[in-house]
Number of protein chains: 2
Amino acid sequence: MANLLSVAKLAGVSRATAARAFSSPESLRPETHRRVMEAARVLGFRPNKVAQQLRTRATRMLGVMVPSLDNPVFAEQLQAMEEAARAAGYSLIVTTSGYDPGREEAIVEEMLRQRVDGLALTVAEADHSAVLVKLRRESTPCLLVHNPPVAPCFPSVGVDNRAAMADATRYLIAQGHRRIGMIGGPLLQSDRARLRHEGYREAMEAAGLTPLALIEMPRHTQVALSRLAPALGGTEGLTAVLCTNDLLAISLIGELRRSGRSVPGDLSVMGFDGIELGRHLYPSLSTVVQPRAEFGRVAVDTLLALIRGATPQPLPLPHVLREGESAGALPASRQAPEPYDP
Amino acid sequence: MANLLSVAKLAGVSRATAARAFSSPESLRPETHRRVMEAARVLGFRPNKVAQQLRTRATRMLGVMVPSLDNPVFAEQLQAMEEAARAAGYSLIVTTSGYDPGREEAIVEEMLRQRVDGLALTVAEADHSAVLVKLRRESTPCLLVHNPPVAPCFPSVGVDNRAAMADATRYLIAQGHRRIGMIGGPLLQSDRARLRHEGYREAMEAAGLTPLALIEMPRHTQVALSRLAPALGGTEGLTAVLCTNDLLAISLIGELRRSGRSVPGDLSVMGFDGIELGRHLYPSLSTVVQPRAEFGRVAVDTLLALIRGATPQPLPLPHVLREGESAGALPASRQAPEPYDP
DNA sequence: TTGTACGCGTTATCAA
DNA sequence: TTGATAACGCGTACAA
């Protein structure tokens with residue numbers, strides 16, 4: 001492929017002049033500029049970013065690692081990040097880790113070798129992550145997305161998971177529920193799930209209610225009703241369940257209805273994330289909305305600030321409780337025998 | 001950051017030897033190799049891919065462009081592509097076009113400047129796409145994903161959309177339905193939607209039934225029930241509806257039920273794509289499954305073959321009809337007055 | 001087995 | 001306003 005030198009020759013100028021035609025056209029005599037551009041057109045010249053990157057020591061590429069793209073919460077965030085990045089002249093290298101620390105490690109190493117200007121990572125466990133330990137010794141700016149800011153050296157973009165789930169719990173309590181449970185994916189896979197459970201516990205205890213242990217599902221997007229069934233039914237059974245993510249909630253609702261139970265009649269269900277789809281379901285999903293589009297924007301803005309050498313301290317993003325049809329007031333028939341006295 | 005030369009100096013060898021320690025360790029005396037690696041470790045040396053890319057004129061990067069990541073069908077395909085690519089030592093630059101030809105153009109230009117080794121594109125309209133016209137003059141291998149292989153120069157990975165929708169239509173006919181409609185997103189946005197509608201028309205006509213025009217929804221992931229309601233109800237109303245994608249089907253089911261109609265009692269609904277989520281809903285989604293994981297694998301394999309200089313002719317991927325609960329047999333009460341005679 | 005030397009396509013620093 | 005020239009970090013003939 002044609003390079004600057006061949007363009008320069010055809011235009012009858014030096015390579016330096018040809019280069020300037022692209023980088024600072026105003027410093028050229030119009031006629032010269034025109035000649036160079038014409039030569040470039042004739043030769044089908046296209047600037048080589050790899051060479052630019054080598055020379056300027058900046059790639060204008062960001063490395064993004066998410067656990068999975070099967071969960072719309074990550075896909076929607078990625079979509080927003082891509083738009084924000086491109087608007088700022090950056091490209092995204094995208095990878096998925098599957099929550100696997102080994103893959104996390106390999107991916108980050110690969111991206112460092114690629115000399116990305118910055119990293120936006122969502123790791124499984126921010127507080128004992130080998131990747132983050134390693135990155136602490138590197139100079140490449142790194143931003144955590146969704147992970148709580150446990151690691152003081154890395155800024156983090158996300159909602160306050162604990163407060164958000166506490167809000168959701170209080171909402172159910174205000175609807176009259178007393179026996180409220182919580183389900184999640186494999187616990188060890190996510191520090192966020194743990195924080196959310198803490199928020200649930202706090203809100204329950206603050207209301208004088210008994211928080212239950214997290215009921216673990218084998219996968220973080222699909223419910224095994226058998227693990228939950230024992231806790232349902234009877235006068236002592238749960239009347240409401242919080243889920244650590246929307247997909248789990250949707251799956252739960254499906255399983256419940258397929259087993260002949262009604263939602264929210266027999267069980268109120270709340271999700272977490274606020275994926276777009278949840279609005280369109282019937283019953284529509286009651287959930288805690290993470291502002292995913294803003295996530296992407298803020299994540300990119302913060303990372304670019306880091307790259308510029310600033311030390312941004314992003315605040316937790318605001319979450320919003322979206323009332324849907326999947327969680328409702330406690331039916332009179334299921335009120336607890338003992339009255340509730342706050 | 002440390003470079004090969006500094007490593008070489010510390011190890012007491014020439015730069016060439018240090019380079020070989022990484023590219024062909026077997027050609028070094030073990031002791032020499034050890035010394036180099038030790039020096040690299042001490043200095044925190046990390047090979048610079050940008051320099052490698054410039055020198056070898058190969059980036060081992062693939063450019064991927066999809067219309068949107070909000071639709072799980074693209075996100076799930078991307079996930080599969082990323083895994084396949086990384087397994088083969090390639091990275092992915094990911095972009096979204098929003099079906100906007102202007103953005104498509106800018107994105108592809110950007111990726112060519114980045115010297116990606118290959119492109120995997122999903123364009124809005126493969127047959128009058130400015131991007132593809134331009135790419136025809138370029139030497140960078142390009143693969144279409146999901147787009148029908150209208151452009152003879154570009155291999156294409158996808159299901160046979162026409163046959164797939166015809167299968168779905170025949171399925172509904174076999175269930176006893178006669179008045180079957182089809183809804184889709186904004187028509188002009190997608191050549192795939194058009195092919196699917198043709199498949200529907202073919203199957204209807206082959207059964208002696210009257211195909212209807214595609215009922216256009218304002219967005220391709222959300223139903224406006226008002227546009228469909230006139231065609232429902234009454235003894236002449238539709239008894240089944242095909243949707244051009246799963247999100248539309250899910251949204252339709254939600255709106256129908258919210259309006260007091262039952263699915264499939266009042267209306268059978270079929271989706272298209274087979275996103276994972278559809279299995280977990282209640283009613284679970286009847287749909288045509290595109291093998292998304294295989295999509296990713298095959299797309300990457302085909303593109304890599306193209307890059308190697310081969311001329312692969314990928315066959316259409318097999319689609320599978322997944323029977324769910326959202327489409328059922330025509331209720332006796334809604335049988336048409338005139339009998340059906342094939 | 002190891003070293004020398006050139007080139008990949010830019011940007012940037014000086015001079016002219 | 002334009003030109004000559006040295007990096008940027010690496011791969012790889014070719015020579016030793």
Side-chain angles (χ1 to χ4, degrees), chain A residues 1-37 39-40 43-61 89 91 110-117 139-140, chain B residues 1-40 43-61 89 110-117 139-140:
Chain A
M1 171 161 304
N3 57 16
L4 262 183
L5 185 56
S6 63
V7 171
K9 277 180 181 159
L10 181 57
V13 299
S14 74
R15 185 174 47 204
T17 301
R20 277 189 278 261
F22 290 91
S23 60
S24 52
E26 72 283 358
S27 72
L28 259 55
R29 200 167 47 192
E31 166 61 14
T32 312
H33 179 255
R34 198 198 55 70
R35 280 221 316 282
V36 173
M37 296 316 256
L43 295 176
F45 170 75
R46 175 172 289 128
N48 185 326
K49 289 199 113 194
V50 177
Q52 291 176 337
Q53 289 162 351
L54 177 62
R55 178 60 229 224
T56 61
R57 301 156 146 277
T59 52
R60 298 207 148 236
M61 301 203 302
S91 301
E110 172 77 11
M111 288 176 161
L112 291 177
R113 292 187 176 195
Q114 183 60 63
R115 300 298 193 266
V116 295
D117 288 347
S139 58
T140 304
Chain B
M1 172 161 304
N3 58 14
L4 263 184
L5 183 56
S6 63
V7 171
K9 278 181 180 161
L10 181 57
V13 300
S14 75
R15 190 175 44 207
T17 302
R20 277 189 279 260
F22 289 91
S23 60
S24 53
E26 71 285 358
S27 73
L28 259 56
R29 198 167 47 189
E31 166 61 13
T32 311
H33 179 254
R34 199 197 54 70
R35 278 220 316 281
V36 174
M37 296 316 258
E38 171 63 12
L43 294 177
F45 170 75
R46 174 172 290 127
N48 186 326
K49 289 200 111 194
V50 177
Q52 290 176 339
Q53 288 161 351
L54 178 62
R55 175 63 229 225
T56 61
R57 302 156 143 276
T59 52
R60 297 206 148 238
M61 302 203 303
E110 172 76 13
M111 287 176 162
L112 291 177
R113 292 186 175 194
Q114 183 60 63
R115 300 301 194 264
V116 295
D117 288 348
S139 60
T140 304

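All figures in this text were calculated on a predicted structure; none of them were measured in a lab. Quick note on labels: first sequence line is chain A, next is B, and so on, each numbered from 1.
Under the 4.0 Å criterion applied to side-chain N and carboxylate O atoms, B:Glu38 and B:Arg35 are not assigned as salt-bridge partners. Salt bridge status for B:Glu110 with B:Arg113: absent, with no side-chain N to carboxylate O gap under 4.0 Å.
Counting any heavy atom pair closer than 4.0 Å across all strands shown, B:Val50 reaches no nucleic acid atom. The residue A:Phe45 sits close only to the backbone: its heavy atoms come under 4.0 Å of sugar-phosphate atoms, none of a base. Looking at heavy-atom distances under 4.0 Å, A:Leu28 makes contact with sugar-phosphate atoms alone, never a base.
Of the residues in residues 29-38 of chain B, none lies under 4.0 Å from DNA chain D by heavy-atom distance.
In this structure, the salt bridge (charged side-chain N to carboxylate O under 4.0 Å, His left out) partners of B:Arg46, at least two apart in sequence or on a different chain, are A:Glu109, A:Glu138.
In plain terms, the two heavy atoms of A:Thr59 and A:Asp117 that are nearest each other are N-OD1, 3.0 Å. Between B:Thr17 and B:Leu28, the closest heavy-atom pair is O-CD2, 3.8 Å.
The overall bend of the helix from C:dT1-D:dA16 to C:dA16-D:dT1, read as the angle between its terminal helix axes built from five base pairs each, is 40° when rounded to 10 degrees.
Of the two residues near DNA chain C, B:Arg115 and B:Ser14, the one whose nearest nucleotide lies more 5' is B:Ser14.
When A:Gln114, A:Gln52, A:Arg55 are each tested for a side-chain contact (heavy atoms from CB on, under 4.5 Å) with B:Val50, only one passes: A:Gln114.
For C:dG9, its base never sits under 3.5 Å from the side chain of B:Arg57 at any donor and acceptor pair. With hydrogens and angles ignored, a donor-acceptor pair closer than 3.5 Å exists between the side chain of A:Arg55 and the base of C:dT11.
At D:dG9, none of the side-chain N or O atoms of B:Gln52 fall inside 4.0 Å of OP1 or OP2 (strictly under the cut-off). Look at B:Thr17 and you'll find a side-chain N or O under 4.0 angstrom from OP1 or OP2 of C:dG3. For C:dG9, one of the phosphate oxygens OP1 or OP2 lies less than 4.0 angstrom from a side-chain nitrogen or oxygen of A:Asn3.
The nucleotide whose nearest atom lies closest to any side-chain atom of A:Ala16 is, among D:dC8, C:dG7, D:dG3, D:dG3. Of the listed nucleotides (D:dG3, C:dC6, C:dT11), D:dG3 has the atom at the smallest distance from the side chain of A:Arg20. Here the nucleotide nearest the side chain of A:Arg15, chosen from C:dG9, C:dC6, D:dT5, is D:dT5.
Taking atom CZ of residue B:Phe22 and atom P of nucleotide D:dG9, one finds them 15 Å apart after rounding to whole Å. We find that CD of A:Gln53 is positioned 14 Å from P of C:dA12, with the value rounded to whole Å. We find that CZ of A:Arg60 is positioned 13 Å from P of C:dT11, with the value rounded to whole Å. B:Leu54 places its CG atom 13 Å from the C1' atom of D:dA7, with the value rounded to the nearest Å.
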Intermediate values then yes/no, side chain to side chain donor-acceptor pair (under 3.5 Å), B:Gln53 and A:Gln53: CA-CA 10 Å; B:Gln53 288 161 351; A:Gln53 289 162 351; over 6 Å; no
Do B:Asn48 and B:Asn3 pass the side chain to side chain contact (heavy atoms under 4.5 Å, CB included) test, and can you show the C-alpha distance, the side-chain angles, and the key distance before you say yes or no? CA-CA 8 Å; B:Asn48 186 326; B:Asn3 58 14; over 6 Å; no
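Rounded to the nearest 0.5 Å, atoms CG (A:Leu4) and CZ (A:Phe45) are 4.0 Å apart.
Judged by distance alone, with hydrogens and angles left aside, the side-chain atoms of A:Arg57 form no donor-acceptor pair with the main-chain N or O of A:Leu54 at under 3.5 Å.
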